[in-house]
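Structure record follows, encoded as structure tokens.
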Amino acid sequence: MTSSLLDDLQWRKSIAQTTDRKELETFLNGGSRSLYLGFDPTAPSLHLGNLAVLTVLRRFQLAGHKPIALVGGATGLVGDPSGRSSERSLNEVEVVADWVGRIRAQLEGFLDFTGKNAAVMANNLDWTAPVSAITFLRDIGKHFSVNQMLAKESVSARLESGGISYTEFSYQVLQAFDYLELNRRHDCALQIGGSDQWGNIVAGVDLIRRVEAKSAHALTIPLMTKADGTKFGKTASGAIWLDPKMTSPYAFFQFFLNSDDRDVEQLLRSFSFKSHEELEQLFESLRTNPGAREAHRALARELTTLIHGESETVKVETAAKALFGQGELADLDIDTLSGALSELPRTNIGKGAPIPTWVDLIVATGLVESKSAARRIVKEGGAYLNNVKIVGEDFAPTTDSLLHGRFFVLRKGKRDLAAVEVG
RNA sequence: GGUGGGUUGCCCGAGCGGCCAAUGGGAGCGGACUGUAAAUCCGCCGGCUCUGCCUUCAGUGGUUCAAAUCCACUACCCACCA
């Protein structure tokens with residue numbers, strides 16, 4: 001089983017770089033190995049970019065290895081310069097601590113913490129905080145050559161563009177220290193991460209060799225990009241988050257369903273846990289009958305289920321089907337309708353209160369930023385009430401249009417929906 | 001330390017006293033075509049109590065009837081010279 005893991009990852013195009021491939025192969029075949037993947041708390045939730053890497057960690061576990069999920073309670077306070085052209089602004093200690101807790105909870109749902117190759121959760125603050133500056137400089141710092149540190153892409157790029165603080169410059173040392181510490185504590189000899197982490201990971205590999213005279217391995221995963229060259233997992237309104245309060249399951253599902261055809265195959269390779277055969281069939285369907293969007297749907301379903309659960313996926317898909325179906329909204333029964341609408345951005349207005357204009361309503365749901373933008377949409381013919389185009393910037397729905405006496409469905413453009421509930 | 005150049009709307013980048021909410025490109029949004037896709041074409045693209053008003057061109061103060069455009073100082077960046 002383990003022998004095919006790297007081949008599988010290769011097939012998925014999930015390998016950017018590794019330390020010596022043969023040695024890594026031998027190492028993995030030698031038994032159940034500990035490996036680690038770290039996330040710095042730079043936001044209150046993980047996003048799709050993180051998920052891509054996390055998925056690989058999970059594949060390792062399914063192949064019998066022991067994953068260590070590390071949350072960077074310490075490194076998150078310092079800031080990784082990798083891939084950034086300017087200094088990060090530091091977040092408050094309490095904020096980072098809060099984010100650590102949230103991210104930890106998300107990670108817990110994604111790995112198996114029971115069984116013989118149970119996952120382990122770690123926080124680098126645990127071993128970093130107790131170490132004094134002097135001890136750190138003598139025991140760890142002594143093994144680093146500033147010349148090499150300067151040569152790292154993450155640092156040299158910053159020297160070109162406005163400089164780097166000593167704080168961020170030290171980041172690679174901290175991450176290397178993590179790897180060393182996990183090597184000591186858990187015999188962890190493989191670190192994986194996004195391809196921008198190569199420099200940091202290798203810093204740890206070197207440190208382990210120097211201090212422990214042991215060999216350690218590295219594997220990085222390509223950063224995903226979309227066919228149009230933009231960053232994967234980002235929309236105009238920001239990243240796609242795993243936290244349902246930040247990105248609703250409905251929006252999450254729709255994100256995948258609406259993916260560019262050209263991206264779907266790679267997304268399935270990267271994220272899906274289906275067999276190669278099943279995936280090949282989906283690729284085939286994508287080629288021969290793209291209009292059916294079978295592959296899109298499979299992708300959206302599998303990932304929404306993985307992150308938000310089966311029942312949520314069913315709800316979301318039913319909602320989408322109801323709202324995008326050719327049937328009249330008025331024909332939907334109250335339960336289906338109210339279920340579907342609960343997935344959308346929404347607002348409430350009091351019963352008996354005067355009903356605001358369409359423009360005011362859609363701004364209230366948060367679907368449109370400003371009234372000017374909303375008015376523009378009306379003027380351009382992209383405004384709908386209950387799937388009927390409306391005309392006139394002053395248009396205000398009447399109670400006659402209420403669906404089941406309670407709801408309005410607002411639509412902007414072809415596929416952006418919002419709900420208003422009265423009462 | 002010296003000298004010169006720069007800082008413009010989400011991003012890049014014109015403008016260099018009034019005709020400037022500010023050319024152009026990208027992103028984004030709406031429309032047509034489609035498949036809740038892509039490409040293409042058309043339109044929009046600071047906000048509002050919208051024939052007008054308000055807030056924007058690094059910050060502060062000044063000159064002027066009038067400044068993104070001129071002057072002074074401050075901050076940051078870049079280049080060359082030490």
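Hydrogens, waters and symmetry mates are skipped; everything else that's a heavy atom, side chains included, is used. Here is the naming used below: chain letters follow the sequence lines, and residue numbers restart at 1 for every chain. In this text, all values refer to a predicted model and were calculated from it rather than measured experimentally.
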- So which nucleotide from rC48(B), rG35(B), rA38(B) ends up closest to the side chain of Ser372(A)? rC48(B)

Protein-nucleotides 54-56 of chain B N/O pairs under 3.5 Å:
none

- Length of the line joining Lys371(A):NZ and rC44(B):P, which is rounded to integer Å: 24 Å

- Query: On a whole-Å scale, what distance lies between the C1' atoms belonging to rA32(B) and rU69(B)?
  - Reply: 42 Å

- Item | Rounded distance in Å between the P positions of rC70(B) and rU8(B) | 15 Å

- Are the side chains of His296(A) and Leu286(A) in touch, meaning some heavy atoms are under 4.5 Å apart? yes

- Contact list for residues 338-350 of chain A, test side-chain hydrogen bond (donor to acceptor under 3.5 Å, both in side chains), sequence neighbours left out: Arg346(A)-Glu421(A)

- Query: Which base, if any, makes a Watson-Crick or G-U wobble pair with rA38(B), both distances under 3.5 Å?
  - Reply: none

- Sorted by number, the residues of residues 287-302 of chain A with heavy-atom contact under 4.0 Å to RNA chain B: Pro290(A), Gly291(A), Arg293(A), His296(A)

- Task: Sticking with atom C1', work out how far rC53(B) lies from rU64(B), rounded to a whole angstrom.
- Result: 24 Å

- Query: Between Asp263(A) (CG) and rA39(B) (C1'), how many Å, whole number?
  - Reply: 14 Å

- Task: Could you check how far CG of Leu367(A) sits from C1' of rG28(B), rounded to whole Å?
- Result: 14 Å

- Message: Could you tell me how far rG18(B) sits from rU63(B) if I compare only their C1' atoms? Round to whole Å.
- Response: 16 Å

- Message: Is it true that, when you exclude Glu284(A) itself, more than 12 heavy atoms of the residues, nucleotides or ligands shown sit nearer than 6.0 Å to its CD?
- Response: yes

- Query: Rounding to the closest angstrom, what is the interatomic distance between rC71(B) and rA82(B) at atom P?
  - Reply: 29 Å

- Query: Listed by chain and number, what are the side chain to side chain donor-acceptor pair (under 3.5 Å) partners of Ser45(A), not counting sequence neighbours?
  - Reply: Gln106(A)

- Query: Got a sec, which residues hit salt bridge (Lys or Arg N to Asp or Glu O under 4.0 Å) with Arg301(A), two or more places apart in sequence or on another chain?
  - Reply: Glu317(A)

- Message: Applying a 4.0 Å non-hydrogen cut-off, can you work out what Asp261(A) is touching in the nucleic acid: base, sugar-phosphate, or nothing?
- Response: base

- Query: Watson-Crick or G-U wobble partner for rC33(B), using a 3.5 Å limit on both distances?
  - Reply: none

- Query: For Ser272(A), what residues pass the side chain to side chain donor-acceptor pair (under 3.5 Å) criterion, not counting sequence neighbours?
  - Reply: Glu302(A)

- CD/Glu265(A): more than 12 non-hydrogen atoms of other groups inside 6.0 Å: yes

- Query: Does Ser259(A) put a side-chain nitrogen or oxygen below 4.0 Å from OP1 or OP2 of rA37(B)?
  - Reply: no

- If we call it a pair only when both distances are under 3.5 Å in a Watson-Crick or G-U wobble match, what pairs with rG17(B)? none

- Note on the structure: Result for 5'-nearest mapping on RNA chain B, choosing between Phe253(A) and Glu369(A), is Phe253(A)

- Task: Would you mind pulling out the nucleotide paired to rU69(B), Watson-Crick or G-U wobble, both distances under 3.5 Å?
- Result: none

- Message: Asp360(A): which residues meet the side chain to side chain donor-acceptor pair (under 3.5 Å) condition with it, sequence neighbours left out?
- Response: Thr357(A), Lys371(A)

- For rG24(B), what is the paired nucleotide under Watson-Crick or G-U wobble rules, both distances under 3.5 Å? rC12(B)

Which pairs, protein N/O on one side and nucleotides 30-32 of chain B N/O on the other, fall under 3.5 Å?
{"residue": "rG30(B)", "atom": "O4'", "partner": "Glu380(A)", "partner atom": "OE1", "Å": "3.4"}
{"residue": "rG30(B)", "atom": "O2'", "partner": "Glu380(A)", "partner atom": "O", "Å": "3.0"}

- Could you work out the separation of rU51(B) and rA66(B) based on their P atoms and round it to a whole Å? 27 Å

- Task: Pick the C1' atom in rG15(B) and in rG9(B), then give their distance to the nearest Å.
- Result: 14 Å

- Item | Residues that His276(A) engages under ring pair (Phe, Tyr, Trp, His ring centres under 6.0 Å), provided they are two or more places apart | Trp11(A)

- Message: I'd like the P distance from rU7(B) over to rC42(B), given in whole Å.
- Response: 32 Å

- Query: Just wondering, do Asn117(A) and Phe60(A) contact through their side chains at under 4.5 Å, heavy atoms?
  - Reply: no

- Determine which nucleotide pairs with rA75(B), using a 3.5 Å limit on both distances of a Watson-Crick or G-U wobble pair. rU7(B)

- Could you tell me which residues satisfy salt bridge (Lys or Arg N to Asp or Glu O under 4.0 Å) with Asp8(A), sequence neighbours excluded, listed by chain and number? Arg12(A)

- Message: Taking salt bridge (Lys or Arg N to Asp or Glu O under 4.0 Å) as the definition, give me every residue that meets it alongside Asp260(A), ordered by chain and number, with sequence neighbours left out.
- Response: Arg262(A)

- Can you list the residues that meet the side chain to side chain donor-acceptor pair (under 3.5 Å) rule with Glu310(A), with sequence neighbours excluded? none

- Euclidean distance, atom NZ of residue Lys379(A) to atom P of rC29(B) [Å, nearest integer]: 18 Å

